[in-house]
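A short worksheet on the structure shown next.
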Protein chains: 2
Amino acid sequence: MIVRIGDESNNMRALPSLPIAGVSRQLSRRSAFEALLHHSPISRAHLAKVTGLSKQTMSEVIDDFERQGLVRRVGRTRGNVGRTAVLYELSPAGGHVLGIDLGAQQLTVALADIAGRVLAEVHEPTDSRGGTQVIEQIARLADHLAREHHTHLGVIRSIVLATPGVVNPRTGAIEMAPNITGLAHINVVGLLTEKLGSPVVCENDINLALLGEIWHGCAQNVGNVAFLALGTGIGLGLYINDRLVRGENGAAGEIGYLPIGGDPMQAEARAQGCLEYQVGASGVVRRHREAGGSGVESAREVFERAQAGDPLAASVVDETARLTALAAATVIATADPKLLVLGGSVGARPDFADKVARMLVQLSPRPVEIRTSTLGRRAGVVGALSVALRRLHDEFFGVAELTAPLPLPQAAARDTARQ
Amino acid sequence: MIVRIGDESNNMRALPSLPIAGVSRQLSRRSAFEALLHHSPISRAHLAKVTGLSKQTMSEVIDDFERQGLVRRVGRTRGNVGRTAVLYELSPAGGHVLGIDLGAQQLTVALADIAGRVLAEVHEPTDSRGGTQVIEQIARLADHLAREHHTHLGVIRSIVLATPGVVNPRTGAIEMAPNITGLAHINVVGLLTEKLGSPVVCENDINLALLGEIWHGCAQNVGNVAFLALGTGIGLGLYINDRLVRGENGAAGEIGYLPIGGDPMQAEARAQGCLEYQVGASGVVRRHREAGGSGVESAREVFERAQAGDPLAASVVDETARLTALAAATVIATADPKLLVLGGSVGARPDFADKVARMLVQLSPRPVEIRTSTLGRRAGVVGALSVALRRLHDEFFGVAELTAPLPLPQAAARDTARQ
DNA sequence: ATTGATTCGTCAAGCGACCGAATCAATAAC
DNA sequence: GTTATTGATTCGGTCGCTTGACGAATCAAT
């Protein structure tokens, strides 16, 4: 077989040449960092044992870390046979991260160090003027937190913002934020990045609440989780194969549009979302009114009356739980999660969650474990911190270039086929 | 700070010590293999250019490959200035893979080499006696294919079996195979592995059909795909974030149980699945009968009558399309795929797909691209080949140990919190 | 036919990074 | 005080990648 090279070289794209030389040390550093995260304070010798690397390598890595300010000495061992060991832990000077949960009512900001220690957390009502005023408010709180911890915004290296609405997974822009005025028309990420001086990433609040529960809440060590949030509206967070599901447009989990609870072709249902029209806060109030109830302003009151024994309110709540259970059954049939977490101001109510769980048993062919959110309103900001932390870690110790699976050849010819 | 080592060493698990030494060469080999996959035949010098590695390294790697029989020389360049180059390509001797699609009616077996070239494919009716008879049938076909290609079962190094029903993602066992008799009670994977002499992996047929469309069909280069298969039953395959969604129990995509098209609490609906009870083949026939139709044995006839202009059959088909569109809308709201592929003997019919697409526009807030399966009945076996191939490649060139993301610390103490 | 330009593949030297073994250091136990 | 044990460092040794140089092979031009 003889081939002219001329043709060959034309369609030859250069692969993204990954620097194979040096990857070895990067992996060693990564292992050392991981061990420091989970076992600090720890000595060099123990680091070597835990990572499986040699003591020499570990010594070199730790020397590097110390020079960079990533670790600090915290003392020596005592009381053991043999020479005392110098103990190391991750230094707060290695970098800080900021998590922000921007809700329609509440704004929460939290600060953590590179080891994931939450140093401070503060929340206050969201500035109702919206838009740039909210940006200013966030910057003020962030600065306050940093000062409180005898540091400054400069040490913050990664920031994640939780926001309602759809976040474009490619650009990071907020595309639908109905509950906060004047946010859709300004470049939130850009403005915040400029004000705070480090990269800001935006993510849907329900997705981050889910990641919060996975990090520190009720969904730890589970790789397949569905998070059903019922509050003002209804939303879903999906965590599958140990990764968040964003969807092509960042609209995964927008289950307000599920064709449940009414005619999905109807005008109001199509605009607001068929399911949301029924189980959203305004839907609950409306159904209560349509059922003959009166004197109710908010969905909360309906739930409180129901708990107090009001039969009319109870029937409205029951219907809400039924529809929620249908939505849950839908998700379970589709994604088969190991765990279903109920969250949101309504969904996390134990009485309500109980009703949903009971309905679900009758709807779903296989039982699924159900828990209610343990982080509550903090879930969003905790999730934001976890993502910010992960981004910081990846910045230092990422091996993203190596993880891409070997692509299969696209152009394949079928040589033979019989019958 | 002083710590006793004694306590520390107790809860210290040894990490799965990844062999960092040697990972470098493995990555080089991997790069070389990838370039060979996509650019063969290719010379050493060009391999060096494409991979970004040095000529020296590439020479060593190719020497290795040649010794192992992974590559073979296929000639020299001619007509260029300078010294002629020896050209290499992946050798079929490097290993073969087998894909098997075990359907209720049809059994398909295909053979491919390590480069993904499909060498032969054969299909015949599934042995209706089921059970071990089917195992024998598969073994016979596999042996036949191998012989036909002047080789033997020994060169096959990876086998994937597509089967209806739920496949346990951990054990690989078939847990529900209602359409093939006597398959649930025997250890299919174990028996086949023994008969064929290389590891067999089992996967749901719809999932593999989806992967087939992604490899060689209508969903190439798309990272978020939903595959809706409507035939005897209804099923869904989900491909999200460039990975297949199996679910905790392998039951992801079992949308026959979606609460659509009737009362999900009803006895028949609960047993068979609410949606499946309506749109499954038997459901279509039943609805046709209930609507006053007669003389119809199979769902296919209903669709053919509808296409021929029979108004009664048409209304049954319309309702089927409406329910299918509702299921699609459900998936789209939940997972937000980039592409929806319609497949299966019914779903791939252009007239039916058209109806579903039209319904869907009115149901979904954002438009989604819809295509019909281009591989048709071959999708399953092509997908099986793609997985078998990927497993073979990973066996040789996998870097799975390196890809795990850095886990965040679990035990975090919140030091301070205000307000 | 000779010469020059070009390209392929190999050799040699150097460097970064890993490891094991040996050695020094510091401490508890006896 | 001696011994056993453990921590940390130093010393070769090996692997693997890179660069630069060089011989071999070919085309093009004289």
Side-chain angles (χ1 to χ4, degrees), chain A residues 2-6 8-9 12 17-32 41-66 71 73-88 399 401-402, chain B residues 2-6 8-9 12 17-32 41-66 71 73-88 399 401-402:
Chain A
I2 293 174
V3 175
R4 284 189 64 88
I5 278 287
E8 187 188 7
S9 55
M12 189 156 302
S17 75
L18 41 156
I20 286 184
V23 77
S24 184
R25 177 48 64 97
Q26 178 76 350
L27 289 171
S28 298
R29 290 167 54 91
R30 185 184 161 91
S31 294
I42 186 170
S43 70
R44 299 184 181 205
H46 264 86
L47 274 172
K49 265 188 205 136
V50 171
T51 59
L53 296 167
S54 70
K55 286 193 288 181
Q56 302 70 9
T57 301
M58 206 37 69
S59 258
E60 291 173 25
V61 169
I62 288 293
D63 282 347
D64 270 9
F65 281 4
E66 220 174 346
V71 300
R73 300 169 181 237
V74 286
R76 306 185 75 94
T77 52
R78 262 257 285 284
N80 283 67
V81 181
R83 180 175 172 179
T84 56
V86 179
L87 296 173
Y88 293 87
V399 286
E401 313 82 37
L402 310 175
Chain B
I2 292 173
V3 176
R4 284 191 62 90
I5 280 287
E8 186 189 9
S9 56
M12 189 156 301
S17 75
L18 40 157
I20 286 184
V23 78
S24 191
R25 178 48 66 96
Q26 178 75 351
L27 289 172
S28 298
R29 290 166 55 91
R30 185 184 162 91
S31 293
I42 188 173
S43 71
R44 299 185 180 204
H46 264 85
L47 274 172
K49 268 189 203 134
V50 171
T51 60
L53 295 167
S54 68
K55 285 192 292 178
Q56 179 60 28
T57 302
M58 211 33 71
S59 259
E60 290 172 24
V61 169
I62 289 294
D63 281 349
D64 271 10
F65 280 3
E66 219 174 347
V71 299
R73 303 172 179 235
V74 286
R76 303 184 78 92
T77 53
R78 262 257 288 281
N80 284 66
V81 180
R83 181 177 168 179
T84 56
V86 179
L87 294 174
Y88 294 86
V399 287
E401 312 84 36
L402 308 177

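The figures here come from the full heavy-atom set of this structure, side chains too, leaving out hydrogens, waters and symmetry mates. Throughout, protein chains are lettered first and strands after them, A, B, ... in sequence-line order, and every chain is numbered starting at 1.
Shown here for B:Val61 and B:Ala32, the closest heavy-atom pair between the two residues is CG1-CB, 3.7 Å. Looking at every heavy atom in both residues, A:Val71 comes nearest to A:Ile62 through CG2-O, 4.3 Å. Contact record, B:Thr84 with B:Thr77: CG2-O, 3.3 Å, taken as the closest heavy-atom pair. Counting all heavy atoms, side chain and backbone alike, B:Thr57 lies closest to B:Arg25 at CG2-NH2, 4.5 Å.
One finds no side-chain N or O of B:His46 lying less than 4.0 angstrom from the OP1 or OP2 phosphate oxygen of C:dT7. In this model, the phosphate group of D:dT9 is approached by a side-chain N or O of A:Ser59 to a distance below 4.0 Å at OP1 or OP2. The side chain of A:Thr77 places no N or O atom within less than 4.0 Å of a non-bridging phosphate oxygen (OP1 or OP2) of D:dG7.
One interatomic measurement links the two molecules: CE of A:Met58 to P of D:dT6, which rounds to 20 Å at whole-angstrom precision. Per the geometry, CG belonging to A:Asn80 stands 9 Å off P belonging to C:dA29, to the nearest Å. Atom CD1 of A:Ile62 is separated from atom P of D:dT9 by 11 Å (rounded to the nearest Å). Taking atom CG of residue B:Asp63 and atom P of nucleotide C:dT10, one finds them 6 Å apart after rounding to whole Å. Rounded to whole Å, the distance from CZ on A:Arg78 to P on C:dA28 is 8 Å. Rounded to an integer number of Å, the gap from B:Arg73 CZ to C:dC8 P is 15 Å. For the pair A:Lys49 NZ and D:dT6 P, the computed distance is 7 Å after rounding to whole Å. Spacing between atom CG of B:Leu87 and atom C1' of C:dG9 amounts to 14 Å, rounded to whole angstrom units.
The distance from atom CZ of B:Arg29 to atom OG1 of B:Thr51, rounded to the nearest 0.5 Å, is 14.0 Å. Going from atom OG of B:Ser59 over to atom CD of B:Glu66 covers 10.0 Å, rounded to the nearest 0.5 Å. We find the OG-CZ distance between A:Ser43 and A:Arg83 to be 11.0 Å, quoted to the nearest 0.5 Å. The structure places CE of A:Met58 at 6.5 Å from OG of A:Ser28, a figure rounded to the nearest 0.5 Å.
Closest approach to the A:Arg25 side chain among D:dC17, D:dA8, C:dC18 is made by C:dC18 (side chain taken as heavy atoms from C-beta onward). Considering only the side chain of A:Lys55, D:dA8 comes nearest among D:dC11, C:dC18, D:dA8. Checking C:dC18, D:dC17, D:dT5 against every side-chain atom of A:Val81, the shortest atom distance belongs to D:dT5. Each of D:dG16, D:dC11, C:dT10 was ranked by its minimum atom distance to the side chain of B:Ser24; first place goes to D:dG16. Considering only the side chain of B:Ala45, C:dG9 comes nearest among D:dT18, C:dG9, C:dA17. The nucleotide whose nearest atom lies closest to any side-chain atom of A:Thr57 is, among C:dC18, D:dT18, C:dC8, C:dC18.
Nearer to the 5' terminus of DNA chain D, by closest-nucleotide assignment, is the contact made by A:Arg44 (compared with the other of A:Arg44 and B:Glu60). Along DNA chain D, the nucleotide nearest to A:Tyr88 and the one nearest to B:Arg29 differ in position, and the one closer to the 5' end is contacted by A:Tyr88. Closest-nucleotide positions on DNA chain C for B:Val86 and A:Gln26 were compared, and the one nearer the 5' end corresponds to B:Val86.
For C:dC11, its base sits under 3.5 Å from the side chain of B:Gln56 at one donor and acceptor pair at least.
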What N/O pairs connect the protein and nucleotides 23-25 of chain D at under 3.5 Å? Give each pair on its own line.
| from | atom 1 | to | atom 2 | distance (Å) |
| --- | --- | --- | --- | --- |
| D:dG23 | N2 | B:Arg83 | NH1 | 2.5 |
| D:dA25 | N3 | B:Arg83 | N | 3.2 |

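Each end of the helix from C:dA1-D:dT30 to C:dC30-D:dG1 gets its own axis from five base pairs, and the two axes differ in direction by 10°, given to 10 degrees.
A:Ser54 and A:Gln56 share a donor-acceptor pair across their side chains, judged by distance under 3.5 Å alone.
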